[in-house]
Each structure stands twice: as C-alpha cells, then as structure tokens.
Amino acid sequence: MTTPPVDQTSVMNRTLVMNNPLADEGEEQSWEIDLLRLTTAGSVDDGKSTLIGRLLYDTKSIFEDQLEAIERASRQRGDEEVNLALLTDGLRAEREQNITIDVAYRYFATPKRKFIIADTPGHIQYTRNMVTGASTAGLAIVLVDARKGVQTQSRRHGYIASLLGIPHVVVAVNKMDLVDYDRNAFESIMEEYREFAGQVGIRELTFIPISALRGDNVVDRSENMPWYTGATLLEHLETVEVGAEEDHGEFRFPVQYVIRPHQDFRGLAGRLASGTIQPGEPVLVLPGQVETRVRSVETAEGQLDEATAGDSVVITLEDEVDVSRGDLLVRPSQLPTVNAGFDATLCWMDGHPLETGVPYLMMHMTRQVQAYVSEIVYRTDIETLERTPAQTFSLNDIGRVRLVTARPIPFDSYDENRITGSFILIDPHSNATVAAGMILPSGSKEHEESSSAPDAASPNVVWEPWNIRREEREAAYGHQAAVLWFTGLSGSGKSTVARLLEKRLFALGCRTMLLDGDQLRHGLCGDLGFTEADRSENLRRAGEVAHLFFESGAVVLGTFISPYRADRERVRSLFPRGRFFEVHVNADLETCVARDPKGLYARALSGAIRGFTGVDAPYEAPDAPEIRLETDSSDPEVLVDLLVNRLREEGLLPVAAENNLHG
Amino acid sequence: MNSARLVMPSGDAELSSGQAAGGSHPAASSVSVGDTMITTARATGSPLIFRDRARRRDHLDQLEDEAIFVMREVAAQFERPVLLFSGGKDSIVMVHLARKAFWPGRFPFPLMHIDTGHNFGEALEFRDRFVESLGCELIVRLVQDSIDRGRAREEPGPNPSRNGLQTVTLLDAIRELKFDAAFGGGRRDEEKARAKERFFSHRDAFGQWDPRNQRPELWSLYNGRKNPGEQFRIFPLSNWTELDIWQYIVREGIELPSLYFSHQRRVVERDGVLLAEGPYNTLLPGESYQEMTVRFRTVGDMTCTGAVLSGAATIDQVLQEVAAARVTERGTRSDDRRSEAAMEDRKRLGYF
C-alpha cells in the first residue's frame, strides 16, 4: 500500500499566519481591552455588508477558510472580485434572495478594542430588527450612498438611533470612488444630514467619507481624499468613549435571583444597571419602600469594596427584609419614579396589531407585570417624522402611547437610563415579543397637551384582568361587542336613531346599552360643566363607561355631541380596530334649530346658554367617520336598516339573525 | 465512595463510550441502571481561583457579567434547566461561569452529556474527573442507545459522523427528563448560521429552530415564555469569540483536557482535515496513519474532529497560537465542510 506523504509544511502554512492584529502590538501582549457594541444599518445597495466585510478583511479578522469559502461562492455567482458582502450574509434564504433578513452579529478585535457588530437590514419591513440591533449599541453607523445623497432610509436609521439613545452616530458616506472622491458631494451630504440630526436630537455625529469596496478610510487612510483630515472609520471606532454614562448614573440594582445556600446566607443576585454601590450604604427596596443597608457585595472572587454599572454581583443586606426577584434596590437619595402608568415610545414588532385596552405582559428589568395601552397618542411616520393619530399599531409602527400597569412599578425615563427605562410587551397567548418600549419623561409638554392624565392621581389602584374574557362572552351571546359613537349637533337626530336602533338590536337578541349624554350628565358627570376641559373629561368618562359595557359583550350606542375631534379619537383608541364606529349624524344647522327638541337652541341664541355647540362653540365634523347619516332627508327607520346591515357586513351580528338570539 | 455520580441509561454504557485510542474509559463512580434515575450529589466544589478584580472592566469582565446575567435569568425563568456538557472547552467555561453565577450557592441544574460513543478517551476521563471534583450531577445519554432502539440510523461510509444523530438522542432526553431549557456553548463567531442565534433561542415542540421567526431580543430582556412541550436553548457565550474563550481560560486558570495541548498522535489527512487514529475511523485505500505533533482546537466526535499541527504545549502557547490562527476552529470539523449551509440545516432540526 502506498501512502502519499503528508506535507507538514503545507498544513502548517494553511493554519498559521503570524499576522494577526493582536500580535502586532510588540512582544508584550495585553488583553486589557474594552468592548464596543455597534450597529450598522443600510439598504441592500448602500454597501453595508461590503463595509462590514471590509472592516473584517482589513483588520485581518477573516480566517482563511472563510475567505476561501467566499472566494468559491463569489466565483459561482460570477462576481469579478471577491464579494466581501458574502461574509456577513448568513442564512440560506439570504443567499438566495441576496438580502440580509435578520440581525446578525459579527466580531472582531484590534489591540485597542473588541467590537460586536449587530448587522441589521435596512428594509422598511424590518424596522423591528433595526430597533433590536440598536437596543444594545453604543454606536451606530449610518450608511449614505454618495451618489444618491441623503435618502429617507438614512434619515430613518438616524431617527431610530436617536430613539434608542445610541450615544454616537457615524455617517459613513460610502461609494466615494463613484463620485471621483468629490469633496463637495461629501460636504453637501454632511450639511443636509446635520440639519436633519438637529431635528431628531442625535447626541454626537461624525461624518467619514469612505469607499467600502476600495477600502478608502475604512481601516487605511485614503490617498484619494487628501482633503479629508479626520479619523478613518476604524480609528474612530477605536477611540470613541464608551460606557462612562452608566457608571455615573444613579444606583439601580434589579434583583434577579435570590441565592440561599444555607440558613445564614441570603444574597440578592443581579447586575448593576447603573451607578455604584459600596457596603454600608443605605438602600431602599422598591416598590415595597423598605429601607436597609448593604452588608456586603459578593462575587466568586471575594467581596468587593465597590460594585459599578454592569457588574454581576450578589448583594447581602443588613436586615432580614422581604426582597425577591423583580424588586429594585436604589439609594434613598436617588429615587426613581414609582407609578402605575406612563407614556412611552412604542415600536410594534408583531404581525398582529396592537389592541388597546387588552392586557399584555410587560417585561421591565427583572419584573413581569400586566399592562395595557390605554391610549395611542400618535404614530410617527418614520419616513417624514410626521405625527398622525392612530387607532392601532401594526408591524414596524412607532409612536407614543400611554400605558397602564397592574401595579405601581419603579422606573426612570429611557433618556436617563437605558435599562430601567426600557421594556418589552409579550402577548400572553402566543408568548411572542410584540413590542419594545422606551419610557418617556413624565410631565413633558406633549403629554400635557394630549391628555388629562387621570390615572396618575391614583397610582396605587391595582388593575386586574377581566374575570371572564370578552371573547368568551361573545361566543356565548352569539354576536360581537361593538361601539357606535353617534356624534353631531344637538337636534341632528342622534338619540332618535340610536333609540330606534337599540330596540331593533334588542329584538334581534343582542346585548345592548345606550349611553346618552344627558343621562350621564345627571349622574356620573353631574360635577362637570361645558367648558372645553369639562367637555373633554365628560367624554373621557363616557368612553370609559362604554369600554366597560363593551367588555361585557354589549353593542354600545353612545349619543354625545362630542364636538372635538381629539376627544373622539381618544375614545376610539380604547377599542380594537373594527369594533368602533364613529357615526356622524349630520343635519343642517337650520334643521337642527328648527327641530330644537329641548328648546336649547332658543335659549342659546338668546344668550341664556353660553358655549353651545353650533351657536357659540365649534363643532369639529369628522373627516372620515365609519358611517355618515344624513337626517335632513331620510326616514329614521331607513337609517336603522342601514346600520343593522352594516353590522352584519362587518361580521358583528350573525347574518341570519332574523331569528331571535335569545330564543 | 465518590460524591459525584454518573447516571447511565444502561449497563453497557462503558462498552460504547470511549474505548478510544489514547485512553480508556474510567469506571464511573456509580452507574445506575434505568432511564430516569437521577442522583443529586452533595459536595462542595473545589474553591474557585481568586483573581484580582481590576477596577477597569475589560472585555472579559463584560462578557463574564453578561453570561452570568443570562444564567441567572434562566434559573429564575425556567423550571428545569440543564447544561449540555461535552467536555470541550466551551462547556467547561460554561460550568465555570455557572459556579460564579450562583456562588456561594450551587448552580441549580444538572449537566448532561450526549455521548456519541465516538469520544476521545481523554475527554471522557477528564469529564468524569471534573464532575467528581465539582460534586455536581451528570446525566449521560448515549447515541448508541438511540441507534439500538431504532430511533437513529448510523451513517454509511468510511467515517460515519454521529453528530447529526446526537440531535435525536438530545431531543429524546429533553423530552424524557422534561427539561425546559438547555444551555449550549454555541458562540456566534463560530459559524454564519449561529451569528443569528439569540441568547434565548425558542424551540417548538419538535425541538426545531425557525430562523425566520425568532423573537426579537432587546436590551437585556430575555423572553423565556413558552407553551407546554416547547423548550429553549440558551447560549450564554453568544458574544464570545474563540480568542475570548482562551483568554478567559488563561485568566481564570481553568483546567482543560490534555487534547487541547500539543502531543504526539497518529493521524491521517483527509480532505484537509487531520483525523486521529481510533476504532471508529477506517482508512480509505491509499491512506495511512502518520505520527505528528498535534493538538485539537475543538473536542467532539472522533470521526469528524480534526487535529492541527501544533507545538503549543502550554496554555500560554495555545493562546499565542489562537491569536495568530488563520483558520476558524469549525474549519477543523469535517461535518461543517459538507455544504455551505450544513450548520444551518442541522440547527433547524434541533442541533445544539
């Protein structure tokens, strides 16, 4: 049997090259390097994958077998040069579609720093991935194609970076080789992007002209752009300051796990979210408000004199106090907010849209608590940054919401603390992570404009989920719950139509409830007048009452003038999409004055009543109500037919409900 | 009697595991017969190496703190976690981190080894000594049993890999012992498909991974909610690279199997991989074994774990070599070289 000799040198050559960046720094190697997490975002054409490939390649972080593999793949694809983008496009579906579809993590190190790159796609449908990658990043690289200038995508990435509180943003103006390394092209992009960055509040912004394909200013300084004297991308990444903020923040220690190896030791395991703590310092356990002192800070290496942000440690306390997972240790002099509700920026990440008023599980630090969105304040269009009213959030929507939690919880705003100010929402049925949230400072201007913040006054009310879920009631009753909100001038015929409709629905066997503006004002809202603020509060209460009946499975008919659009939108936000019908009952003012069923117009016109809608107070007619009824010309019975048919078409009433549901 | 106990599913365990070249399988300190019997040992592990905790937190401190945080989350969120222990350096580092995470208590989960039966003797010997010194619980499940029961079928060919078959044994064991979370030593730098893994990786009731439908993982909020029958794979070392692992092993003074250090061994080069002589590898026509100075960068199934030529006999020399290495450690695994998407395909089915 003949044996081909194994060529030891060839194997040796293939496995070892003495050219690693870590080995470059003299004989004495130091592993004392720190860590920078960064995120990159860019579209398929911006050359993001090529940039990452270039960073890895030029820092000699690509292993030979990886390079061989992409050389082979490049040849198969018919690429002329080695396609560095192939290094980062991991999954099979991506290779087939030529796109990055998820967050992929890449690692490289230089003698100064270890880098973790969260590589996220730039397509609009993958906003959720961008938010995910940005959540842990200390720096973001936004790619701009020098030929195309600042496009909406580059703005979007900057916006998300600012939203997620990334301290440093680098705008890499790529493909400079394709604009002949033109300084003007670079500077006009810089000017335009700076203006945009000012609007969204990016904290630190750096511009670098590069060519990822050719390697200009990525790792090595470009000879083609002598006019640029700043740092190369890698130099910038190696020197940017990281991690200082958390150390200087207020002490926050979310308790993760209680370690109790024997009776004499009870330790609270966790990682410092921010700040520092030393043995002997007083601490407050939240939300229980118990004060005690730190006895020791333990690690497997022994006790520490001080623990700082990011340390995973075990803290023991002087007193036997009741502390468990989910509690938060703070200094009595550095209190966070404790409340059962707050406003937050929410990014929706699930295919099923957000349902307001429906409980989700909120994961906040190490705590899980039930929470629901009580109000959608606005949705932000991430292309235009315009804020628009919204009834719900769908996948990749971002905007401001109000949240109510089942118990008061301690928190900071996200711009103060990225750990105690962030949360996710989990769908309790599918267990999917459906949203990421960033808590907004309380009492900010927008907040005051948008609502009267009633729950803030009673932070200790414990909110419980419904005992019998609406879906179960609906199944038992044979029809769906819904809300028809009749809005229109006094005398337009709201009550007439609604009363007839309720009788018809009741005859069909529906659970119904008619909420009448006048009735509510005699009881529940007897303390309110007719100023704009009182009208607003009146409608808030009406909306909440309607919500209770809605959850009981009823078809709720509300007849309220509700003259202000914002108030109606707030009521709408309490209900799932498809269940709330704004019914604009329209009649000419003259008709209404002529009808004047309660003699109110006569008194208003004589000046006996002030602030009467249509006379000396405005009525903001709905722009796009679900249903519009013209009562000048139509018989009420005809309008009722129309409404019943509409409810059937929407699938809320059974089609064959000629038969009585009661029977 | 030793405090550590090995739980074997059947009495013929020693026959199938580890009569490999270079070492014999040491007798387990206690062999229990029967599938579900688990013995919890009580003993204090040897004290951890104490190091000076420098004020400045370097990258290893940050990686360690992150891994510890993840392990504590698992202990808090799951009922029955298990740590998948292969005897390789990554799982040894994981155990080290677990000891730190729950210090001064004991880590609240057992170790489990899915034994292909094609192990290096040194690895098994180390495993048993390691478990004994820690006084922790080790569960062993054998791929050979899955084959014998007809649950898995041996690959045909000259060096059949049992890596794929491990999946069957692993999933059966998870189901049988009702584990709901299994720690794996997988790192995202190892391979392109792994680059997209989460720390908490959801697996459906069939143990399968769906890379297109992963839960987004934000900040350090790990969602471990699941329906009955579903499970999670947990990867506390996600953000570590091979170099980080070695730097950490040096810094912490962690003991490793001798396979990782330079030694003389008879090997055959096949498709660019140096395969060790052993009972499960057969020579192809024209091949023969040659004695070389080698070490292993990963320790797995003998039939597919390749050696590298190396004179690195001490841990510092290994670290220097790894820092200068120009081939990924997975490049020495012939099972990943089969196709460009080999790892992704195996992961979808429920591989580690």
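Throughout, protein chains are lettered first and strands after them, A, B, ... in sequence-line order, and every chain is numbered starting at 1.
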Region of [X] that comes under 4.5 Å of a non-hydrogen atom in chain B:
| X | result |
| --- | --- |
| A:Ile426 | side chain |
| A:Ala432 | backbone |
| A:Met363 | both |
| A:Arg113 | neither |
| A:Tyr257 | side chain |

### Message
With salt bridge (charged side-chain N to carboxylate O under 4.0 Å, His left out) as the criterion, how do A:Arg325 and B:Glu73 come out once you've worked through the C-alpha distance, each side chain's angles and the decisive distance to 0.1 Å?
### Response
CA-CA 10 Å; A:Arg325 172 172 167 87; B:Glu73 276 304 290; 2.9 Å; yes

List the atom of [X], the atom of [Y], and the distance in Å for their closest heavy-atom pair.
| X | Y | value |
| --- | --- | --- |
| B:Trp219 | A:Gly437 | CH2-O, 3.6 Å |
| B:Lys226 | A:Asn431 | C-ND2, 3.2 Å |
| B:Pro104 | A:Ile259 | CD-CG2, 4.3 Å |
| A:Ser430 | B:Arg215 | O-NH2, 4.3 Å |

Is any side-chain heavy atom of [X] less than 4.5 Å from a side-chain heavy atom of [Y]?
| X | Y | answer |
| --- | --- | --- |
| A:Tyr107 | B:Asn239 | yes |
| A:Gln368 | B:Arg225 | yes |
| B:Ser238 | A:Tyr105 | no |
| B:Glu217 | A:Ser135 | no |
| A:Glu301 | B:Lys100 | yes |
| A:Ile33 | B:Asp58 | no |
| B:Leu221 | A:His364 | no |
| A:Lys114 | B:Thr241 | yes |

### Query
B:Ala67 versus chain A, heavy atoms under 4.5 Å apart: side chain, backbone, both or neither?
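It is neither, since no heavy atom gets under 4.5 Å.
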
### Task
Against chain A, label B:Glu66 side chain, backbone, both or neither, depending on which of its atoms sit under 4.5 Å from a heavy atom there.
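When you check distances to chain A, atoms from both the backbone and side chain of B:Glu66 fall under 4.5 Å.
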
### Query
Given B:Gln77 and A:Gln256, is the side chain to side chain contact (heavy atoms under 4.5 Å, CB included) satisfied, shown in steps?
CA-CA 10 Å; B:Gln77 290 193 38; A:Gln256 237 192 322; over 6 Å; no

### Task
Under 4.5 Å, counting heavy-atom pairs only, tell me which of B:Pro216, B:Gly224, B:Ser220, B:Gly105 racks up the most with chain A.
B:Pro216

### Task
Identify which of B:Asn227, B:Leu218, B:Ile68, B:Leu63 forms the greatest number of heavy-atom pairs closer than 4.5 Å to chain A.
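Heavy-atom pair counts peak at B:Leu218.
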
### Task
Count the heavy atoms of every other residue, nucleotide or ligand shown that sit under 6.0 Å from CD of B:Glu79, and state whether that count exceeds 12.
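Atom CD in B:Glu79 is not packed in, count stays at 12 or less.
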
### Message
So which residue, A:Leu164, A:Thr433, A:Thr136, A:Val258, ends up with the most heavy-atom pairs under 4.5 Å with chain B?
### Response
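Sorted descending by pairs with chain B, the first entry is A:Thr433.
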
### Derivation of the side chain to side chain contact (heavy atoms under 4.5 Å, CB included) call for A:Asp311 and B:Gln62
CA-CA 8 Å; A:Asp311 287 349; B:Gln62 294 184 50; over 6 Å; no

### Nearest-0.5 Å distance that lies between atom OG1 in A:Thr132 and atom CZ in B:Arg198
6.5 Å

### Query
Going from OG1 on A:Thr299 to CH2 on B:Trp103, what distance comes out if it is rounded to the nearest 0.5 angstrom?
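Output value for this atom pair is 10.0 Å.
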
### Query
Does A:Arg271 count as lying over the ring of B:Phe69, i.e. NZ or CZ under 6.0 Å from the six-ring centre, within 45 degrees of the axis?
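Judged by the rule, A:Arg271 and B:Phe69 form a cation-pi pair.
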
